[in-house]
**Student:** 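One structure follows; several queries about it will come next.
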Amino acid sequence: MVACLHFLSPLSLRNPNCTSPNPSVLVGTTAGLAPLRLSRPVGPSISIPARPNPAHFAAGARTRRLNCKEALKGSGEETEPPPTALDASGGGGGGGGGGGGGGGDDGEVEKQGGLLPDWLNVTSDDAKTVFAALAISLAFRSVVAEPRYIPSLSMYPTFDVGDRIVAEKVSYYFRKPCANDIVIFKSPPVLQEVGYTDDDVFIKRVVAKAGDVVEVRAGKLFVNGVERNEGFILEPPSYNMTPIRVPENSVFVMGDNRNNSYDSHVWGPLPAKNIIGRSIFRYWPPNRIGGTVLETGCAVDKQQTISPSEQ
């Protein structure tokens with residue numbers, strides 16, 4: 001490239017392209033004017049680009065980014081959104097909040113899709129715990145003890161209507177029922193013949209065991225010919241009963257309210273297999289909470305031999 005030099009001379013205005021009619025003349029001079037001197041060698045002109053405008057550069061970059069995103073969208077590829085600046089006030093977290101909101105909507109849809117409320121949704125561990133508790137409760141009730149409700153006055157004043165007791169079932173695995181035990185039992189066969197069922201449960205006091213001879217006369221209870229001292233009954237019996245020997249594997253039971261009790265003096269001895277358990281504790285009403293076992297324990301009477309005519 002040839003550098004074009006313009007002079008402040010009319011000669012230089014004749015040819016803007018720096019050409020002269022006389023090819024031998026490279027540089028024209030005029031009289032009275034000093035020749036032009038260059039401070040540095042003439043060389044090829046170097047075009048130095050102007051300093052870019054930052055604003056224009058940013059706008060161009062955004063334009064290129066948008067064009068790229070549109071091209072990617074057109075091709076079906078997913079692009080990652082540009083990071084969002086967060087400020088201290090939390091206002092810049094709108095985008096993130098929006099994304100989180102989307103996740104929350106999915107969670108709500110999932111919750112609403114359940115058939116049961118949250119408090120009824122149980123895991124397998126919860127189910128195992130419930131089943132274990134039920135199994136233990138049923139086992140405890142069938143083997144160890146069970147609560148009972150007093151429906152009548154046949155055991156008054158020891159028990160009143162509405163009293164609630166606990167009957168234990170362990171003792172009779174190791175011993176037989178004895179006199180003064182308060183037992184609960186299913187109706188014996190003689191009562192089932194007149195309409196009672198196994199679901200009908202009674203509560204009475206054992207007064208004699210297998211082999212004992214029981215008699216009631218003159219308002220007194222005699223077992224093996226010995227008068228019983230019964231301070232727990234409501235009143236002396238107003239009836240007489242001829243002597244009866246209690247058969248094997250049976251007991252003789254009577255209510256503490258002797259004149260208002262449907263017991264063995266009416267329907268006979270009770271098979272021991274019908275006994276469910278022994279009353280040991282009253283837990284209701286609160287003002288009568290306490291044990292129901294006599295401190296004297298089992299009554300012991302001397303065995304007495306009777307003639308067959310008395311049986």
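As the structure is a computational prediction, the values presented were derived from the model and not from experiment.
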**Student:** I need the L294 CG to I182 CD1 distance, nearest 0.5 Å.
**Tutor:**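 Rounded to the nearest 0.5 Å, the CG-CD1 separation comes to 6.5 Å.
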**Student:** Between the side chains of R258 and E235, is the shortest nitrogen-to-carboxylate-oxygen separation below 4.0 Å, so that they form an ion pair?
**Tutor:**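 No salt bridge links E235 with R258.
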**Student:** Report whether M155 and I276 are members of the same hydrophobic cluster (ILVMFWY, side-chain heavy atoms less than 4.5 Å apart, transitive linking).
**Tutor:**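 In one cluster with M155: I276, yes.
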**Student:** Using distance alone, with no hydrogens and no angle criterion, decide if N257 and S154 have a side-chain donor and acceptor under 3.5 Å apart.
**Tutor:**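 No.
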**Student:** Hey, could you give me each pair passing ring pair (Phe, Tyr, Trp, His ring centres under 6.0 Å) that has a residue in residues 177-220? Not counting sequence neighbours.
**Tutor:**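 Every pair satisfying ring pair (Phe, Tyr, Trp, His ring centres under 6.0 Å) with a residue in residues 177-220: F185-F202, Y196-F202.
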**Student:** Would you check if D160 and R288 make a side-chain contact, meaning some heavy-atom pair closer than 4.5 Å?
**Tutor:**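 In short, these two side chains touch, coming nearer than 4.5 Å.
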**Student:** For residues V266 and V194: do they belong to one hydrophobic cluster (side chain heavy atoms under 4.5 Å, members Ile, Leu, Val, Met, Phe, Trp, Tyr)?
**Tutor:**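 In one cluster: yes.
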**Student:** Is it the case that the side chain of N180 and the backbone of G297 share a donor-acceptor pair, with hydrogens and angles ignored and the cut-off at 3.5 Å?
**Tutor:**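 Side chain of N180 to backbone of G297, a donor-acceptor pair under 3.5 Å: yes, one is there.
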**Student:** Side-chain heavy atoms nearer than 4.5 Å, only ILVMFWY residues, links allowed to pass through others: does that put M241 and V207 together?
**Tutor:**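 Yes, M241 connects to V207 through the hydrophobic network.
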**Student:** Under the ring pair (Phe, Tyr, Trp, His ring centres under 6.0 Å) definition, can you give me all pairs with a residue in residues 219-257, not counting sequence neighbours?
**Tutor:**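 Residue pairs with at least one partner in residues 219-257: Y239-H265.
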**Student:** For D200 and L191, run side chain to side chain contact (heavy atoms under 4.5 Å, CB included): C-alpha distance rounded to whole Å, both residues' side-chain angles, the deciding distance at 0.1 Å, then the answer.
**Tutor:** CA-CA 10 Å; D200 297 316; L191 293 183; over 6 Å; no
**Student:** Do you reckon V190 sits in the same ILVMFWY cluster as I203, going by side-chain contacts under 4.5 Å, direct or chained?
**Tutor:**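 Shared cluster, no.
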**Student:** Atom CG of residue position D198 - does it have more than 12 heavy atoms of other residues, nucleotides or ligands inside 6.0 Å?
**Tutor:**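 Above 12, so yes.
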**Student:** Run the side chain to side chain contact (heavy atoms under 4.5 Å, CB included) test on V144 and V170 for me, step by step, so that the C-alpha distance in whole Å, both residues' side-chain angles and the decisive distance to 0.1 Å come before the verdict.
**Tutor:** CA-CA 6 Å; V144 180; V170 179; 4.3 Å; yes
**Student:** Please report the shortest heavy-atom distance between I289 and F281, naming the atom on each side.
**Tutor:**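 Heavy atoms only, the tightest pair is CG2-CZ, 3.5 Å.
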**Student:** Looking at every non-hydrogen atom in both residues, tell me the closest pair between G277 and A167 and how far apart they are.
**Tutor:**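 Of all heavy-atom pairs spanning G277 and A167, the closest is C-CB, 4.5 Å.
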**Student:** Between D263 and K204, is there a side-chain N and carboxylate O pair less than 4.0 Å apart?
**Tutor:**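 No salt bridge links D263 with K204.
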**Student:** Would a hydrophobic clustering, with Ile, Leu, Val, Met, Phe, Trp and Tyr connected at side-chain separations under 4.5 Å, put I184 with I150?
**Tutor:**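 In one cluster: yes.
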**Student:** Provide the closest heavy-atom pair for V251 versus P177 in the form atom of the first, atom of the second, distance.
**Tutor:**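 Between these two residues, the closest heavy atoms are CG1-CB, 4.2 Å.
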**Student:** Do V214 and V246 make a side-chain contact, defined as non-hydrogen atoms from C-beta onward lying under 4.5 Å apart?
**Tutor:**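 Touching, per the 4.5 Å side-chain cut-off.
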**Student:** A side-chain contact here means heavy atoms from C-beta on lying under 4.5 Å apart; do V293 and R278 qualify?
**Tutor:**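 When only atoms from C-beta onward are counted, R278 and V293 do touch, with a gap below 4.5 Å.
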**Student:** Could you give the distance from CG (D163) to CD1 (I165), rounded to the nearest 0.5 Å?
**Tutor:**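 The CG atom of D163 sits 8.5 Å away from the CD1 atom of I165.
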**Student:** First locate atom CZ of R175, then atom CG of D181, and finally report the distance between them rounded to the nearest 0.5 Å.
**Tutor:**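 The distance works out to 4.5 Å.
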**Student:** If you take all heavy atoms of N259 and P236, which pair is closest and at what distance?
**Tutor:**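 Scanning both residues completely, I find the closest heavy atoms to be ND2-O, 3.1 Å.
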**Student:** Would you compute the distance between atom CZ of F159 and atom OG of S152 and round it to the nearest 0.5 angstrom?
**Tutor:**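 F159 atom CZ to S152 atom OG measures 11.5 Å (nearest 0.5 Å).
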**Student:** When you compare the side chain of R148 with that of V201, does any pair of heavy atoms fall below 4.5 Å?
**Tutor:**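 Sidechains of R148 and V201: in contact.
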**Student:** Starting from the C-alpha separation in whole Å, work towards a yes-or-no answer on side chain to side chain contact (heavy atoms under 4.5 Å, CB included) for K186 and I275.
**Tutor:** CA-CA 6 Å; K186 296 181 293 184; I275 296 176; over 6 Å; no
**Student:** Specify the closest pair of heavy atoms between Y283 and P147, including all atoms of both residues, with the distance to one decimal.
**Tutor:**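 So the minimum-distance heavy-atom pair works out to OH-CB, 3.5 Å.
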**Student:** What distance separates D212 CG from S250 OG, expressed to the nearest 0.5 Å?
**Tutor:**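 Going from CG on D212 over to OG on S250, the span is 12.0 Å.
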**Student:** Should L234 and D256 count as side-chain neighbours, where that means a heavy-atom distance under 4.5 Å?
**Tutor:**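 A side-chain contact is absent here, since even the closest heavy-atom pair is not under 4.5 Å.
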**Student:** Show the numbers, then the answer: is there a side chain to side chain contact (heavy atoms under 4.5 Å, CB included) between L221 and I233?
**Tutor:** CA-CA 11 Å; L221 173 66; I233 65 174; over 6 Å; no
**Student:** Do the side chains of K220 and E215 get close enough for a salt bridge, i.e. N-O under 4.0 angstrom?
**Tutor:**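 Salt bridge flag = no for E215 with K220.
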**Student:** Would you say E168's side chain and S171's backbone share a donor-acceptor pair under 3.5 angstrom?
**Tutor:**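 Indeed, once roles are kept as given, a pair shorter than 3.5 Å links the two residues.
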**Student:** What's the spacing between N260 CG and L153 CG if we round to 0.5 Å?
**Tutor:**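 The CG atom of L153 is 6.5 Å from CG of N260, to the nearest 0.5 Å.
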**Student:** Closest heavy-atom contact between N224 and G211?
**Tutor:**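 Minimum heavy-atom contact is OD1-O, 4.4 Å.
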**Student:** Please check this pair: side chain of W267 against backbone of Y262, looking for a donor-acceptor N/O pair closer than 3.5 Å.
**Tutor:**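 Looks like yes, one N/O pair under 3.5 Å.
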**Student:** Would you say S187's side chain and T197's backbone share a donor-acceptor pair under 3.5 angstrom?
**Tutor:**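 Yes, because the side chain of S187 sits within donor-acceptor range (under 3.5 Å) of the backbone of T197.
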